Amino acid sequence: MTSALELLPAVDVRDGQAVRLVHGESGTETSYGSPLEAALAWQRSGAEWLHLVDLDAAFGTGDNRQLVREVTEAMDIKVELSGGIRDDASLAAALATGCTRVNLGTAALETPEWVAKVIAEHGDKIAVGLDVRGTTLRGRGWTRDGGDLYETLARLDSEGCARYVVTDIAKDGTLEGPNLELLRNVCAATDKPVVASGGVSSLDDLRALSGLVPLGVEGAIVGKALYAKAFTLEEALQAVAG
Ligand SMILES: O=C(O)c1ccccc1N[C@@H]1O[C@H](COP(=O)(O)O)[C@@H](O)[C@H]1O
């Protein structure tokens, strides 16, 4: 029996606020108030995971490290932590929050030896975010090209990377539906589980992603659709229940 698609409601933090961006572009923020309140609301609604992103750390405009730690520590559910985790100190700080796993983006593009080392040390506590435009990876707050998706995926697979979080930047924050073709292609290129990110707009999108579970899609990050109240998290969890 295949498992149900996992849902990871997102809380992206910029300047102390929960925000959503469009295409991940700085300056497109819509603010949704307290990150802790948002995270607690998703937990109360039945989430088993929280995808928590320090956007300032990802963009290099400071960090929300203290706040991210407070949110993570307040959660009874699993937390996937992203944004600005690029060296031993930031990784140690992220893991010290008690998060379930971290998601590395820029580091996988710019310091591959370090990423190989931490994959070897921490196993499935490390996921790698493959944030793409077309098939070109983007790092540093999605502002810089960082190589070919499939070459990087092959390298990370050979290093034992446990899981990938695949974001189609062109879809992120747009409510245009996920890039199912990209997800199928990535699943065909790796045996490792894939978490889909970007574009979810409806319960039908979640059902379509559920249809990719047998191919290797393990979960889906949901952001804008929840904040825009396109559906509730309870409805989403019901829609993907096995
Ligand atoms: O999630 C976003 O909307 C986003 C927008 C712009 C840049 C990054 C974004 N998200 C997360 O940031 C990490 C990458 O951070 P880093 O490169 O490791 O510092 C990425 O995995 C996304 O989860």
Side-chain angles (χ1 to χ4, degrees), residues 8-15 17-32 35 38 49-65 68 72 79-91 93-95 99-112 114-115 118-119 122 125-133 136-147 149 152-153 156 161-176 178 186 194-200 219-228:
L8 297 84
V11 174
D12 287 17
V13 185
R14 184 123 212 224
D15 206 12
Q17 297 291 299
V19 300
R20 300 310 306 161
L21 307 181
V22 181
H23 301 312
E25 282 171 19
S26 193
T28 63
E29 289 88 344
T30 304
S31 185
Y32 294 96
W49 276 98
L50 177 71
H51 176 75
L52 181 58
V53 183
D54 186 342
L55 279 181
D56 285 301
F59 281 114
T61 54
D63 69 72
N64 300 276
R65 198 176 274 181
V68 159
T72 306
V79 177
E80 175 177 87
L81 203 52
S82 273
I85 305 167
R86 300 179 186 173
D87 57 22
D88 285 332
S90 50
L91 176 62
L95 292 174
C99 67
T100 308
R101 66 178 179 239
V102 300
N103 184 37
L104 308 178
T106 301
L109 312 179
E110 297 189 356
T111 51
W114 179 75
V115 170
V118 300
I119 286 171
H122 298 286
K125 289 191 92 64
I126 307 283
V128 168
L130 300 169
D131 304 325
V132 291
R133 274 198 178 274
T136 301
L137 291 157
R138 303 277 283 175
R140 300 220 164 236
W142 301 349
T143 60
R144 280 198 216 160
D145 283 351
L149 166 61
T152 303
L153 182 57
L156 289 161
C161 183
R163 174 176 284 95
Y164 303 100
V165 179
V166 176
T167 304
D168 182 356
I169 295 170
K171 296 282 194 175
D172 202 62
T174 65
L175 298 174
E176 288 176 357
V186 171
V194 167
V195 177
S197 177
V200 168
I221 293 170
V222 190
K224 186 75 168 280
L226 288 173
Y227 290 91

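We count ligands from 1, going down the list as the structure has it; atoms in each ligand are counted the same way. Side-chain atoms are counted along with the backbone in the values below, which use heavy atoms only and exclude waters and symmetry mates. All figures in this text were calculated on a predicted structure; none of them were measured in a lab.
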Checklist line | Residue selection (non-hydrogen contact nearest atom 22 (C) of ligand 1) among Val102, Asp131, Leu130 | finding: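 It is Asp131 that holds the nearest heavy atom.
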Looking at ligand 1, does [X] have a heavy atom less than 4.0 Å from it?
X	answer
Gly139	no
Gly141	yes
His51	yes

Closest approach of any protein heavy atom to [atom], naming residue and atom:
atom	answer
atom 15 (O) of ligand 1	Gly83 CA, 3.5 Å
atom 9 (C) of ligand 1	Trp142 CZ2, 3.5 Å
atom 1 (O) of ligand 1	Asp12 OD2, 3.1 Å
atom 11 (C) of ligand 1	Val53 CG1, 3.5 Å
atom 23 (O) of ligand 1	Ser82 OG, 3.1 Å
atom 17 (O) of ligand 1	Thr106 OG1, 2.4 Å

Can you name the closest pair of heavy atoms from [X] and [Y] and give their distance?
X	Y	result
Ala108	Val128	CB-CG1, 3.7 Å
Ala57	Gly83	CB-O, 3.5 Å
Glu25	Arg133	OE2-NH2, 4.2 Å

Just jot down the ligand 1 atoms closer than 4.0 angstrom to any heavy atom of [X], in number order.
X	answer
Ala58	8 (C), 12 (O), 15 (O), 19 (O)
Gly84	15 (O), 16 (P), 18 (O), 19 (O)
Asn103	21 (O), 23 (O)
Gly105	17 (O), 18 (O)
Leu55	2 (C), 4 (C), 5 (C), 9 (C)
Phe59	6 (C)
Arg86	16 (P), 17 (O), 19 (O)

Margin query: Walk me through whether Val195 and Ile221 qualify under side chain to side chain contact (heavy atoms under 4.5 Å, CB included).
Written below: CA-CA 7 Å; Val195 177; Ile221 293 170; 3.9 Å; yes
Item checked: Residues Thr106, Arg144; criterion side chain to side chain donor-acceptor pair (under 3.5 Å); working and verdict -> CA-CA 9 Å; Thr106 301; Arg144 280 198 216 160; over 6 Å; no
Measuring only between side-chain heavy atoms, which start at C-beta, is [X] closer than 4.5 Å to [Y]?
X	Y	value
Val11	Tyr32	no
Asp56	Val13	no
Arg14	Thr61	yes

Margin query: Check for me whether Arg101 meets the cation-pi criterion with Trp49, that is, NZ or CZ under 6.0 Å from the six-membered ring centre and within 45 degrees of the ring axis.
Written below: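 Yes, a cation-pi geometry holds between Arg101 and Trp49.
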Next item on the list: Indicate whether the side chain of Ser90 and that of Arg65 have a donor and an acceptor atom separated by less than 3.5 Å.
Entry: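 Distance-only check fails for Ser90 and Arg65.
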Check: How does Asp172 reach ligand 1, if at all, at less than 4.0 Å between non-hydrogen atoms: by side chain, backbone, both, or neither?
Finding: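 Asp172 to ligand 1: side-chain contact only, backbone stays beyond 4.0 Å.
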Note to self: Just verifying a value: how many Å separate Asp15 CG and Ser31 OG, rounded to the nearest 0.5 Å?
What the structure shows: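 The CG atom of Asp15 sits 9.0 Å away from the OG atom of Ser31.
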